[in-house]
Visitor: 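Below you will find the structure I want to go over with you.
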Amino acid sequence: MTLSDAEARRFREHGYAVAPRFFGEHEVAAIRAELERLVRDGRLRNVTTEGDGVTRSRTARNLQLCPMSPISPLFRAMPFDDKVVRAVRRLIGDPVVLHLDQVFLKPARHGVGTSWHQDNAYFRIDDPLLGTAMWIAVHDATLANGTLHLVPDCFAEPLEHARDAYSDHHIRCWPPEERAVAIELPAGGAVFFAYGTPHCTKANETDRERAGAALHFLNGSAVGPGYFGADGPMKHPALSGPSADGGRGAYGADLRGVWEREVDRALWDYRASR
């Protein structure tokens with residue numbers, strides 16, 4: 001599916017848009033299978049601390065992998081999927097550049113959230129509407145398991161941030177929480193929110209784990225030419241516009257049109273490992 005006119009308008013006016021059924025059941029199954037593999041291989045780490053920003057918590061857990069693309073063929077192919085590119089182009093315009101990819105997993109009962117923050121406090125682009133996160137519900141995301149919360153109509157207001165004492169590297173802010181909305185989504189649903197939109201996740205108080213994968217995109221006018229290629233462990237390929245090459249420059253292969261194949265491969269590998 002793609003975004004409706006109303007949702008695209010909501011992004012421009014209020015700083016976020018919702019696509020409740022962006023990925024189908026087959027795709028969701030593959031995403032979960034790949035995440036299970038990454039967890040099994042020890043790729044995610046607990047970023048939660050005891051309140052000093054350093055000492056790893058022995059009880060509270062917020063498991064993160066960032067970036068995913070260097071070690072996951074499935075997540076590497078995801079941003080090149082036609083429906084992803086179409087949706088992001090509609091929100092931030094051409095050329096679209098992949099900025100970042102990551103996943104957070106909140107284990108059952110002990111999974112804690114990620115504190116309130118604005119992505120632009122990290123990335124500092126001039127116009128926060130030229131960058132969008134795409135937050136994907138890997139499992140059904142509900143109030144009980146700590147789904148994404150955000151504050152509409154706040155994307156143009158830079159908020160003061162400070163070091164988050166309960167994380168080993170995050171920062172946090174204190175937005176007007178009385179204006180916040182909780183986004184409940186079925187697995188496969190997606191929320192797009194501008195780089196200036198304050199957001200957080202809450203604790204998972206259920207008996208099942210919950211994960212959210214996130215891709216971040218920029219309009220090419222917001223970045224320098226170094227983003228159109230390799231830049232350390234994370235790659236920044238152009239997904240649309242004159243520099244788009246399907247990821248050849250960043251990954252050495254054209255990833256356009258391979259998402260469906262990677263979905264099938266991830267499911268095949270998962271079944272073979274059982």
Side-chain angles (χ1 to χ4, degrees), residues 1 16-41 43-47 61-81 83-85 87-88 91 96 98-107 111 113-114 117 119 122 131-142 145-150 170 183-193 195 197 199-202 204 208-217 233-237 239 255 258-260 262-263 265-267 269-270:
M1 66 162 292
Y16 75 104
V18 182
R21 300 193 180 276
F22 197 89
F23 291 102
E25 292 181 6
H26 193 63
E27 295 168 305
V28 170
I31 292 169
R32 289 180 181 172
E34 181 69 347
L35 179 57
E36 183 175 315
R37 179 186 73 83
L38 294 170
V39 171
R40 187 173 64 246
D41 291 349
R43 297 292 191 169
L44 279 70
R45 67 182 187 88
N46 185 20
V47 301
R61 295 174 66 78
N62 186 0
L63 305 181
Q64 182 186 21
L65 171 61
C66 178
M68 302 181 289
S69 53
I71 57 176
S72 170
L74 181 80
F75 287 118
R76 188 183 308 142
M78 180 184 280
F80 294 89
D81 183 34
K83 63 180 174 291
V84 174
V85 177
V88 177
L91 298 179
V96 171
L98 178 64
H99 190 186
L100 188 67
D101 60 47
Q102 60 185 322
V103 65
F104 284 97
L105 186 145
K106 319 294 198 232
T114 302
H117 65 283
D119 288 343
Y122 293 104
T132 186
M134 178 186 183
W135 189 88
I136 303 155
V138 177
H139 307 90
D140 292 345
T142 67
N145 65 20
T147 190
L148 182 81
H149 293 60
L150 55 80
H170 290 134
I183 310 295
E184 294 191 282
L185 287 173
V191 187
F192 299 83
F193 52 89
Y195 269 24
T197 297
H199 58 284
C200 73
T201 57
K202 304 289 187 176
N204 178 11
R208 296 184 178 182
E209 67 182 16
R210 181 193 63 75
L215 306 178
H216 290 73
F217 304 92
M234 181 63 198
K235 314 295 185 180
H236 303 282
L239 305 176
L255 300 179
V258 306
W259 167 247
E260 292 82 2
E262 288 298 335
V263 165
R265 183 202 57 78
L267 289 174
D269 290 350
Y270 175 76

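Start at 1 with the first residue, then count along the sequence.
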Visitor: Heavy-atom distance under 4.5 Å between the side chains of Val84 and Phe22, does that happen here?
Guide: yes

Visitor: Rounded to the nearest 0.5 Å, how far apart are CD of Glu262 and CG of Asp269?
Guide: 9.0 Å

Visitor: Could you pull out the closest heavy-atom pair between Pro186 and Pro20, with the gap in Å?
Guide: CG-O, 3.2 Å

Visitor: Report yes if the side chains of Pro79 and Leu239 come closer than 4.5 Å at any heavy-atom pair, otherwise no.
Guide: yes

Visitor: Out of curiosity, Leu63 CG to Phe104 CZ, how far, rounded to the nearest 0.5 Å?
Guide: 10.0 Å

Visitor: Applying side chain to side chain contact (heavy atoms under 4.5 Å, CB included), run through Val263 and Leu74 and close with a yes or a no.
Guide: CA-CA 7 Å; Val263 165; Leu74 181 80; 4.0 Å; yes

Visitor: So does Arg45 have more than 12 non-hydrogen atoms from other groups sitting under 6.0 Å from CZ?
Guide: yes

Visitor: I need the minimum non-hydrogen distance between Leu35 and Ala211, along with the two atoms involved.
Guide: CD2-CB, 3.4 Å

Visitor: Kindly determine whether His216 and Asp101 satisfy side chain to side chain donor-acceptor pair (under 3.5 Å), including the steps that lead there.
Guide: CA-CA 6 Å; His216 290 73; Asp101 60 47; over 6 Å; no

Visitor: Quick one: does Asp81's side chain have a donor or acceptor within less than 3.5 Å of a partner on Val85's backbone?
Guide: no

Visitor: Taking atom CH2 of Trp135 and atom CG of Leu150, what is their separation to the nearest 0.5 Å?
Guide: 10.5 Å

Visitor: Has the side chain of Thr147 got a donor or acceptor atom that lies under 3.5 Å from a matching backbone atom of Ile183?
Guide: yes

Visitor: If you apply the rule side chain to side chain contact (heavy atoms under 4.5 Å, CB included), what do you find for Phe75 with Ile31, and how did you get there?
Guide: CA-CA 8 Å; Phe75 287 118; Ile31 292 169; 3.9 Å; yes

Visitor: Of all residues at least two apart in sequence or in a different chain, which pass the side chain to side chain contact (heavy atoms under 4.5 Å, CB included) check with Glu209?
Guide: Leu105, His139

Visitor: Taking atom types as modelled, find out whether Lys106 and Asn62 have a side-chain donor-acceptor pair closer than 3.5 angstrom.
Guide: yes

Visitor: Could you tell me if the side chain of Val39 sits less than 4.5 Å from the side chain of Arg43, heavy atoms only?
Guide: no

Visitor: Would you say CD of Glu25 has more than 12 non-hydrogen atoms from neighbouring residues, nucleotides or ligands within 6.0 angstrom?
Guide: no

Visitor: Can you tell me how far the CG atom of Leu255 sits from the CE atom of Met78, to the nearest 0.5 Å?
Guide: 13.0 Å

Visitor: Among side-chain atoms of Glu34 and Ser72, is any donor-acceptor pair under 3.5 angstrom?
Guide: yes

Visitor: Testing the basics here: between Leu98 and Phe217, what is the closest heavy-atom pair and its distance to 0.1 Å?
Guide: CD1-CE2, 3.9 Å

Visitor: With the side chain counted from C-beta on, respond yes when Phe193 and Asp119 share a heavy-atom pair under 4.5 Å apart, and no when they do not.
Guide: yes

Visitor: Of all heavy-atom pairs between Val28 and Val138, which one has the smallest distance, and what is that distance?
Guide: CG1-O, 3.8 Å

Visitor: So, the side chain of Thr201 versus the backbone of Thr114: is there a donor-acceptor pair under 3.5 Å, distance only?
Guide: yes

Visitor: Less than 4.5 Å apart, any side-chain heavy atom of Ile136 and any of Phe23?
Guide: yes

Visitor: Parallel, tilted or perpendicular for His170 and His117, by the 30°/60° rule?
Guide: parallel

Visitor: Looking at Leu100 and Cys66, what are the two nearest heavy atoms and their distance?
Guide: CD1-SG, 3.6 Å

Visitor: Given Phe192 and Val18, is the side chain to side chain contact (heavy atoms under 4.5 Å, CB included) satisfied, shown in steps?
Guide: CA-CA 6 Å; Phe192 299 83; Val18 182; over 6 Å; no

Visitor: To the nearest 0.5 angstrom, please state how far the NE2 atom of His149 sits from the CD atom of Glu184.
Guide: 8.0 Å

Visitor: Apply side chain to side chain contact (heavy atoms under 4.5 Å, CB included) to residues Arg265 and Tyr270 and explain how you reach the verdict.
Guide: CA-CA 8 Å; Arg265 183 202 57 78; Tyr270 175 76; over 6 Å; no

Visitor: Can a donor-acceptor pair be found, under 3.5 Å and without considering hydrogens, that links the side chain of Arg76 to the backbone of Ser69?
Guide: yes

Visitor: For a salt bridge (charged side-chain N to carboxylate O under 4.0 Å, His left out) check, start with the C-alpha distance between Glu27 and Lys83, then their side-chain angles and the critical distance, and finish with the verdict.
Guide: CA-CA 13 Å; Glu27 295 168 305; Lys83 63 180 174 291; 2.6 Å; yes

Visitor: Please report the shortest heavy-atom distance between Arg210 and Gly146, naming the atom on each side.
Guide: NH2-O, 2.9 Å

Visitor: Just so I know, are the side chains of Pro67 and Gln102 near enough to count as touching, which here means a heavy-atom distance under 4.5 Å?
Guide: no

